[in-house]
Amino acid sequence: MGAGVPPAQRVTLAYQSPISPGRSWYEDSVGERPEYPALDGSVSCDVAIIGGGYTGLSAATHLAKAGLAVVLIEQHRFGDGASGRNGGQMGTGQRSWPEELEADLGFERSRALFDLAEEAKAHLLDFAAANAIEIDYAPGQISAAHKPRYVDDYRRHADILAERYNYPYLTFLDREATAAAVGSARYFGAVRDAGTGHIHPMKLLVGTARAAAAAGARLHENTAAIDISRKAGRIVVSTARGDVTADKVLVAVNAYGGNLEPVSAAHVMPIGSFIGATPPLPDDSPVIPGGEAVDDSRFVVRYFRKTSDNRLLFGGREVYSTDDPKGLKDQIRRQIAEIYPTLARTELTHAWGGYVGITMPRRPFVREVMPGVVSIAGFSGHGVMLSNFLGRLYAETVAGNRDRLRLFRELNIPAFPGGRRLRAPLLFLALNWFALRDRI
Ligand SMILES: Cc1cc2nc3c(=O)[nH]c(=O)nc-3n(C[C@H](O)[C@H](O)[C@H](O)COP(=O)(O)OP(=O)(O)OC[C@H]3O[C@@H](n4cnc5c(N)ncnc54)[C@H](O)[C@@H]3O)c2cc1C
């Protein structure tokens, strides 16, 4: 946020943001990916949206459908942020288990957040169907214990969700059943969730952009916001080749916002997460015979699943900075071999990364950061269904219907400690400590 500067000087504001590394398998399998023109000149609208991931594009679609004039700007191409490059696992509930949230927020709030997440899940599938977006949905999710000490937690979790959250879709799997379901003897127990699934994330993203444009939103790629300021009671989002002046602004930049908006930057940190893809596996491969997505109990979670053409997509390498790791394919191949030794020599066809926006308590960050400017980010690796839904909730709030974003605003996410200079090194130390605990 800055104090409005003349256009000629704005490009020198040293706005910096990370760029996702590597070409993803999603880019090679998404099909048609329409291009949208860069903003050229100044425009006025009801709502300006910065960031074309799920949050921004979902909000744009719902706002435009409600009859508002919307302009959305994306600094790169749609899908170049986390929404086009993620693991595609929808999950259930919030990133933290409801029983953990209960301890902190009480049962009522935990239950309300769980119910909203269930609505988010249904919303994603309904939205895709209503807008004819083929997202390659496949049902099922397995969460597996990588150490014996986590097995009882999973067993209890299944019971708690059934008894207290009316969620009957979790089944506990003992060690043998887990080995059969994952196709690996590496895990000690698991829960299978039959109430969720996984998708092709970029197909959803490209389809949402199409739906937003069809609803009348003006979409611009290759247009970075470099400043947000107030002028004559309105809000001005500056870009290199024109301003967007609006009554309201949604900052939906997640981990890619760099230093654009300082309040969001102080609360949401980027963590690099990396995924590799194998060539299509033979039909009789023992890898996840039921086709579920898998995640595990590590703090640096391993997440993997098969695609519609039978590849294994495997994520798990993290980097706590915006530097790209070297030798990515070999690192991911070694991680795959720990779980599937028979794939030790399988060369990966693709390896890519993206930035996950995390907050201190791993819960979404929703805040009015200046009058009329709302920031939504920090889904902490659990945004596939939630970010889409929070985009819709933002639209609901602006259209004046109801304010269900309040539940998230009231989470009162704290800033990372250490101020601008020290927070990255402090986080690096903390995360490496937890990563070390995964191995002991
Ligand atoms: C590798 C990886 C794996 C993941 N796996 C999963 C998973 O399996 N399940 C799950 O639920 N979640 C997962 N996530 C998280 C999930 O992808 C995100 O929570 C979700 O996509 C967030 O959407 P968003 O719209 O808020 O942010 P993004 O999709 O990151 O979009 C933000 C956009 O803002 C743009 N932007 C930033 N600054 C500017 C600016 N100044 N001007 C204009 N545009 C700007 C960026 O270019 C970007 O396109 C994963 C994330 C990554 C990176």
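Atoms within each ligand, like the ligands themselves, are counted from 1 in listed order.
In this comparison of Ile50, Ile49, Thr55, Ile228, the heavy atom closest to atom 25 (O) of ligand 1 sits on Thr55. If you check each of Leu205, Asn86, Ile19 against atom 17 (O) of ligand 1, the one with the closest non-hydrogen atom is Asn86. The option from Leu204, Leu57, Thr208, Val356 that lies nearest to atom 52 (C) of ligand 1, judged by heavy atoms, is Val356. Closest heavy-atom approach to atom 32 (C) of ligand 1 within the set Gly81, Ala252, Gly354, Gly391: this belongs to Ala252.
Taking only nitrogen or oxygen atoms, main chain and side chain alike, Gly383 reaches within less than 3.5 Å of ligand 1. The shortest N/O to N/O separation between Ala82 and ligand 1 falls below 3.5 Å. Ligand 1 has no N or O atom lying under 3.5 Å from any N or O atom of Arg85, backbone or side chain. Any N or O atom pair closer than 3.5 Å counts here, and Met90 shares no such pair with ligand 1. Between Asp80 and ligand 1, not a single N/O pair is under 3.5 Å apart. Residue Ile275 has no N or O atom closer than 3.5 Å to an N or O atom of ligand 1. The shortest N or O to N or O distance between Glu74 and ligand 1 is below 3.5 Å. At a 3.5 angstrom cut-off on N or O pairs, Tyr355 does not count as close to ligand 1.
Within the 4.0 Å heavy-atom criterion, neither part of Ala377 lies near ligand 1. In Ser17, neither the side chain nor the backbone holds a heavy atom less than 4.0 Å from any atom of ligand 1. Under 4.0 Å from ligand 1, heavy atoms of Tyr54 appear from its side chain as well as its backbone. Residue-level proximity to ligand 1 for Val253 is carried by backbone and side chain together, each with a heavy atom below 4.0 angstrom. Only the backbone of Ile73 comes within 4.0 Å of ligand 1, counting heavy atoms alone; no side-chain atom from C-beta on gets that close.
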Step-by-step ring pair (Phe, Tyr, Trp, His ring centres under 6.0 Å) determination, His267 to Phe416: CA-CA 6 Å; His267 291 77; Phe416 280 94; 8.3 Å; no
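Under the 6.0 Å cut-off for aromatic ring centres, Trp97 and Tyr154 qualify, their centroids lying closer than that. A distance below 6.0 Å separates the ring centres of Tyr169 and Tyr167.
Under the salt bridge (Lys or Arg N to Asp or Glu O under 4.0 Å) criterion, the residue pairs touching residues 73-98 are Glu27-Arg85, Arg33-Asp80, Arg77-Glu221, with sequence neighbours excluded.
Side-chain atoms of Gln75 and Ser17 include a donor-acceptor pair closer than 3.5 Å.
The aromatic rings of Phe127 and His123 are tilted relative to each other, their planes meeting at an angle between 30° and 60°.
A salt bridge links Glu396 and Arg392; the closest N-O separation between the charged side-chain nitrogens and carboxylate oxygens is under 4.0 Å. Of the charged side-chain nitrogens involved, none lies within less than 4.0 Å of a carboxylate oxygen, so that Asp330 and Arg334 do not count as a salt-bridged pair.
Set against the non-hydrogen atoms of Leu260, the atoms of ligand 1 under 4.0 Å away are 41 (N). The contact set between ligand 1 and Ser273, taken as ligand atoms under 4.0 Å from a residue heavy atom, comprises 1 (C). Of all atoms in ligand 1, listed by their number and element, those nearer than 4.0 Å to a heavy atom of Val384 are 9 (N), 10 (C), 11 (O), 12 (N). Residue Tyr256 approaches ligand 1 through these ligand atoms, each under 4.0 Å from one of its heavy atoms: 30 (O), 37 (C), 38 (N), 46 (C). Those atoms of ligand 1 that come under 4.0 Å of a heavy atom in Tyr303, given as number and element, are 1 (C), 2 (C), 3 (C).
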Donor-acceptor contacts, no H, no angles, side chain residues 134-144, under 3.5 Å, sequence neighbours left out:
unit_1, atom_1, unit_2, atom_2, d
Glu134, OE2, Asp136, N, 2.7
Asp136, OD1, Lys203, NZ, 3.3
Asp136, OD2, Lys203, NZ, 3.0
Tyr137, OH, Thr196, O, 3.3
Gln141, NE2, Gln89, OE1, 2.8
Gln141, NE2, Asp295, OD1, 3.4
Ser143, OG, Asp295, OD1, 2.7

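Checked by atom type and distance alone, the side chain of Thr178 pairs as donor or acceptor with a backbone atom of Leu173 at under 3.5 Å.
With contacts defined as side-chain heavy-atom distances shorter than 4.5 Å, the pair Ser273/Tyr355 does not qualify.
When each of Asp243, Asp227, Val244 is paired with Val236, the side-chain contact (heavy atoms from CB on, under 4.5 Å) condition holds for Asp243 and for no other.
By the 6.0 Å contact criterion, NZ on Lys121 is enclosed, its count of non-hydrogen atoms from other residues, nucleotides or ligands being greater than 12.
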